[in-house]
Each structure stands twice: as structure tokens, then as C-alpha cells.
There are 2 protein chains.
Amino acid sequence: MAEKRIDKATITEVARLAGVSTATAGRVLGGYGYASDEIKKKVKASAERLGYRPNLLARGLITGKTKTIGVVAGDIQSPFYSSILRGVADVARAEGFGVLITNSDELLARELEAVQLLLEKQVDGLIVAPCDTERSDHLRKALKEGCPIVQFDRMVNGLRADAVTVDNRRASREAIASLIEAGHRRIAILAELERWDSGDIASFVARVTSRSIEPANLFPSWQRLFGYVEAHLAAGIEIDRALIGRVGAYSLEAARLQALQLLRLPGRPTALFTADGLMTAGAIDAITSLGLAIPDELSLIGFDDLDWMSFLKPAITAVVQPLTAMGETAARLMLDRLSGSESPPRHVTLELSLTRRGSVARARLS
Amino acid sequence: MAEKRIDKATITEVARLAGVSTATAGRVLGGYGYASDEIKKKVKASAERLGYRPNLLARGLITGKTKTIGVVAGDIQSPFYSSILRGVADVARAEGFGVLITNSDELLARELEAVQLLLEKQVDGLIVAPCDTERSDHLRKALKEGCPIVQFDRMVNGLRADAVTVDNRRASREAIASLIEAGHRRIAILAELERWDSGDIASFVARVTSRSIEPANLFPSWQRLFGYVEAHLAAGIEIDRALIGRVGAYSLEAARLQALQLLRLPGRPTALFTADGLMTAGAIDAITSLGLAIPDELSLIGFDDLDWMSFLKPAITAVVQPLTAMGETAARLMLDRLSGSESPPRHVTLELSLTRRGSVARARLS
DNA sequence: GCATATTGTGCGAACGTTCTCACAATACAA
DNA sequence: TTGTATTGTGAGAACGTTCGCACAATATGC
């Protein structure tokens, strides 16, 4: 015959039932002070009987710690963010933390709003994929208010906060190098390449060439283009700007159209490097509709490894990002901060690996 | 010259600076009572100057409302849950609610733990994909404590709580019917079909045939099998149990193996119905490795529409689930409850649509 | 003119915890 | 014995809000 308490029991009621003070009951229930075994038993029994459930709000109010981490992702619906989120959630759960999520859709205004909500909810820390690597007053302010931040995927310029990223530039350089080694000379790249304030593609290429650009605060797709350029430079291959497909938006359709344009070029590229999963999808769509054979007529390497890439025929050679590991790392960095670490900002760069499947062939002699 | 307050300002400090009582400051900042325009202006200015940020913990403690919804998903990493989550998050955000997420991995113990955490964090409501449609004391208890619940994807037997599901049975029946209409007689089904306590596939089929089973509380894959059986019944086609591929686990590899087995059957089926996205992926993998041509040698309809299905060659005919809509609906049901609705439990069933692409052909005359 | 709303303000008590003390009782060392 | 830890307990004040109330001033109804 279970009690049918419709209201929740508080520590005070448990204490009364057990015949001790609220302070004592609090100590045993919260596990933070002395209590004799006898009293412990009595309090626990009372708590059990009343169906006591601690109120973490009240605890948080007084301790100043909510054991909650706020996450600002771009779009949890995407495999990219959802995998990262999973990593964060796993580590958080193991440590008894909750995870509060928000989507920015890569819009600064949304990010602002999200950060504000999370801060008002008194999260202990913020894990953010910042959507602007320059304008970040809100993040600095959060930091100043004592709320630690861990960035992932990209890094705000000069923000003194931990970060987890991936070695985009190097992975891209190596992927391109492997295509070059396979004899390809006309290699196209299909990439998002939104938001770069300092000019057009030509000037970006020029600045990479003259080594007058710092890649750390670039958005991933730009870093991947950076590696693309470097690989060409290293091999002494001149860059044909027509082969750089700047999608300029993050949608399947835009990617498809840009891919179509690249593949219809007079001197069609013999290889294509797609700088992210969505770009790969758009490219495949275009390639299919054009009836091009992979890898005979076109070699393909994609950034991001999505499930379907391994059972497509042929399977697609891809750069795989350790997404859940990225989330786990971010969460660990955060938990480390929360347990008091005062070390200077740490930047973890995860390595990427190229999974060779069947979408790359040697270029035919021209 | 921004203030460099390292501590957070409270309503008390704002009140002091503005020269009013905390009650008055609270009223203007919280927007819940009278205040003259003059005072409003003064308080807002002070708040601005001190960088005041409301503490939602304190507010929640006193109002008993945290404006936070807890979500228990199976695995946010999967496209299924992440899309639903996105829908929930969107609606929640629009109404100023936060979303606290947890993963159950479809394990009851995990779900228990998750629900407990969320309840302790005092969420206003719980949106859950229950992993057991029978054992649900934790959910009933939550309900009794006044925490509303919205279930999605499946429904606990006899739980007086709102629910959003999808018309699995009908969509499946119609998909199968369309295959039958295309002349197929040997149609295989590849489905998860875990957890059903009441016997094996044969007895399930028998009970569907004798109409002695209530589909409402079945897990989706069983409901889809239900529709499969019904469609056969309606067309007067006898069911060959060998064509029912029970994967029994939720993994790509298990699906692939079971698909392989189905497709190697002596009298190979001429059509395959995969009961969910992962099953479809496993099937495609198997079909590819067997070198079977779709749709000429095998017609295929899959439940769930994943991005890659539209650019595979041929594109795959699929039953599309309105996932974000499901999340949005769940959130709306919840918000409705939270704004006081006392109506009896509502059950929203979303309709599914079959997107016909290129993976179905007429069966060749046998 | 008076009764009654409506608007505006402040005091102090909640909310359910943990924290800081004060104080006992016991243990152990010198 | 005395002193000093260590262990155990309770009273009461925090934490940062909102809420109930008291009260004043002004507006509205007739």
C-alpha cells in the first residue's frame, strides 16, 4: 500500500519524521557532514518512506553549482552536432551532470539568446560552437562572470577559453596530397566557405601562398581549403581558381548546384574533394545525375564519414572526424575546469584519419 | 570603460542602486506587478549598469516552475531522435523553455536514472520515449507527483499521459499493399523486432490473424510487422514465415546479416520491406554485396527517409516519418499541459506518407 | 460627496537546501 | 589531570527570487 503523497516531501519533513534537525537530515541525505550510523539509518528510512527527492534547485541556489552544462550547438539535427552532443552527454552523465541544449543555427543573434538563457539558468559551464570567431562579447562576459567555456569545432580569436578542434588543415592537405600522388592534377574542391570577411577566394589563396594568414581562427571549411592550397603548393601545381567550388551556403541543394557547375567545367577535374558530409551528399547527387562513374571518371574523397558512404558502390574514401570523442573531450575539459583547474586555456587538436575505400583511382595519363 | 564586476549582481543590489525596495525592483525586472514608468526606467537603468542577470534557480524555487522540459531519448546520435529533439527544442525555445536531455539507450535502468535526475532538477515536464511499455512505475510516480509526461514513438500500456505516435501499422500495410499491387507475392520484411514477451513470430502472426492482439502498445517494429501481416491477409496471400527477418538487435551489422540470409533464401523474395532506416542501410549493404539489381531483381521499400536514399541509384522508395513535427507536437502537448490543461490524456497520431522513387518495379511474371 | 476600484510601493516571509557556528561528547596524547 | 582533536548534533542564517499582505495615493462610479 504505497503512500499516495501528491506533494513532494522536503528535507524538513524527513527530519521531523526521523526526529532530528533539518541540518542533520541534510547532512545524511546530502552526504556532506558527520552523522552517526544510527541516525543515518533512521533518516534514510524516513526519506524512503516519504519518497523524498532532493530539490537540486535549492541545492544549486546555495552551493552556486547546478551540476548542469549548457551546450550551444549549431543544429542538433545534423549528424555532426548530434554525435558531438552524444559524447558530451555521456561524459556528463557519468559525472552526474545534466546537459541543457540549444541550437544557434549558426546565427549570432540566436547564439546570444541561447547563451543568455543558459547563463540565467545558472549552468556551471558552457560548451559552444561559436558562430562568429570575432564578435564574442557575450562569451567574454560569461567568462568574466566566472562561467567557464569550452569551444569546439572552431575557436574565437583571442578568447581565453579551452577548445577542442580537429586538424582540418593537415587532413585536407594529406587527402589532396594522396590524390596528387595518384596522378591527379586537376582536383576540384567543393566547400561551404561562408563568412570570411577579408576578401574573396583569390585573395585567400594569395594569402595562403604568401603565408600571411593564421589558420587557427578560420572556420573549418576555410581551413580545409587552406590545406588544399598547401598541398598544391607543395607539389608545385598551380591552382586553378575555377576548381574551387564555393557553395556559400549550407544546404544540400546549393552543394548539388555548385558540384554540377564544377563537373561541367570545360576541362573537367579528374578528382573532387568535398569538404564536408553535406557537400559530399550534394556531389554524389550531381555525379549520379551526370552519370559519371566513380572512380574511373572521377575520383572522390570526402570530409566526414557518414554511414551511407560505406555501402555506396563504390564505397567512398573519407576523412573521418572523431565526433563523439570531440564531445567527450570537450566535456572532460569542462569538468576539469569545474573541479578547479586554473591552468591557462588548453587547446586539444584531435587527429583525423583517412579511410581509404573505393572512390579513388589513379588518374589516366593525359 | 565597462564595469568589471566579477560577481553577479542581484535584484537587491539593483534595488539599492535604484533607490527602491527589492520587491519593487523585482516587479519591474520580473514584469509581474505594478510599477510607475518613472521607477521602471530607473530600475532598468540600474540593472543595465550592474549587468544584472536574473537567477532562474531562485525564481524556480519560489514559483515551482523552472521553465525547463526534460527529454529522455533513446540515443540523440541517431537521426531519428535528433530530429525529434530538434522539434522539441524549437518549440521550447519559442516559449522560453530550456531543454534538458538524456539518453536511455533503450535500457530501462538508464531511463530510470534519467527520469530521476530530471525530476530532481525539477523539470516542469517530461518528454519520454519509454523503453518498456509495461514496467513504468517511475513514470506513474512522476505523474502522481504532478510532473506531466508526454510519450513519443511508443506508448506505455495504461499510462494516463499524452502521447504522439505515428501510424506505423497503416503505413506499413499500405506499403506492402502497393508491393502486392505491383505483382509481388514473395515479400520479405526486415525488422528489429526486439522485446515482445508473448512468444515468437509465429504466435504473433497467428494472433494478428485471429485479431486477438491490440497494436497500440506494441513497439513500432512490431506494429509495422502487424501491417505487413494485415496486408497479406487482405490480399489473401499466405505468409511465409521464412520471409520475416527478425534482426533482434538494433545494429547495422545485425541487419546486414539478417538481410543476407533473407536474400539467399531458396525462393528469393522479389521485394523487400525494411522496417526502419537502419534496416534499410543494412539491406542496401547486403544487396550491394550480393550484386542484386534494384529494382529489377529486387524491389525495395524502406521505412524512414534518410538523406542518402534520394541520391542512391536508384533512389529508394520510402515511408517518411514527420520527425521534427513529432517533436514539435510533443512539445506543444507538453506546453499545453503546463499552461493548465486538465483534459484527459490526448493521443496524437501523425500520418505517414510514402515517397515513391525508383526502387520498386512490377514483379516479373513467374 | 462617499464608497470602491485601480495603481503603486515596501516589509517581511516564504521556497528547500547548505553553511556557519556553537556546543557536547568522546577519543587520544602528554 | 589537562589540552586538543575528532565526531556528532542543532539553531539559525544564508542563497536570490516571488508572494502575501498592508497601506497610500489616485481614479472611477453614482
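Values below: every heavy atom of this structure, side chains too, minus hydrogens, waters and symmetry copies.
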Measure the distance from CD on B:Glu120 to P on C:dT17 and round it to the nearest whole Å. 10 Å
When B:Arg332 is tested against each of B:Asp162, B:Val88, B:Val91 for side-chain contact (heavy atoms from CB on, under 4.5 Å), which residue passes? B:Val91
Just the rounded figure in Å: distance from C1' of D:dT18 to CD1 of B:Ile11. 8 Å
Side-chain contact test, heavy atoms from C-beta onward, threshold under 4.5 Å: evaluate it for B:Ile76 versus A:Ile101 and give yes or no. no
May I ask you to list the residues of residues 26-43 of chain B, by number, that have any heavy atom positioned under 4.0 Å from an atom of DNA chain D? B:Gly26, B:Tyr32
A:Arg16 has an atom CZ; how far is it from atom P of D:dT9, in whole Å? 20 Å
Send over the distance from B:Asn55 CG to C:dT17 P, rounded to a whole Å. 17 Å
Measuring from the side chain of B:Ser21 (C-beta onward, heavy atoms only), which nucleotide among C:dT17, C:dG16, C:dG10 has the closest atom? C:dG10
Report the C-alpha separation of A:Glu111 and A:His138 in whole Å, then their side-chain angles, then the decisive distance to 0.1 Å, and conclude whether the side chain to side chain donor-acceptor pair (under 3.5 Å) test is met. CA-CA 9 Å; A:Glu111 179 179 312; A:His138 55 305; 2.7 Å; yes
B:Leu61, nearest nucleotide to its side chain (from C:dT18, C:dC15, D:dT17): C:dC15
State whether the side chain of A:Asp132 and the backbone N or O of A:Glu134 hold a donor-acceptor pair below 3.5 Å, judged by distance alone. yes
note: B:Leu56, atom CG; D:dC15, atom C1'; distance rounded to Å ~ 15 Å
Taking 4.0 angstrom as the limit, do B:Lys144 and B:Asp137 come out as a salt bridge? no
Does a nitrogen or oxygen in the side chain of A:Thr24 sit under 4.0 Å from OP1 or OP2 of D:dT9? no
Rounded to whole Å, the OH-P distance (A:Tyr52 to C:dG16) equals 10 Å
Given DNA chain C, 5'-ward residue of the pair B:Ile62 and B:Gly19, judged by closest heavy atom: B:Gly19
Closest to the A:Thr63 side chain, choosing from C:dG10, C:dG16, C:dC19: C:dC19
In whole Å, I'd like the distance from the CD atom of A:Glu145 to the P atom of D:dG16. 13 Å
Side-chain contact test, heavy atoms from C-beta onward, threshold under 4.5 Å: evaluate it for B:Lys121 versus B:Thr68 and give yes or no. no
Can you find a pair of side-chain heavy atoms, one from A:Leu61 and one from B:Asn55, that are under 4.5 Å apart? yes
Roughly, in whole Å, what's the span from NZ in A:Lys65 to C1' in C:dT18? 14 Å
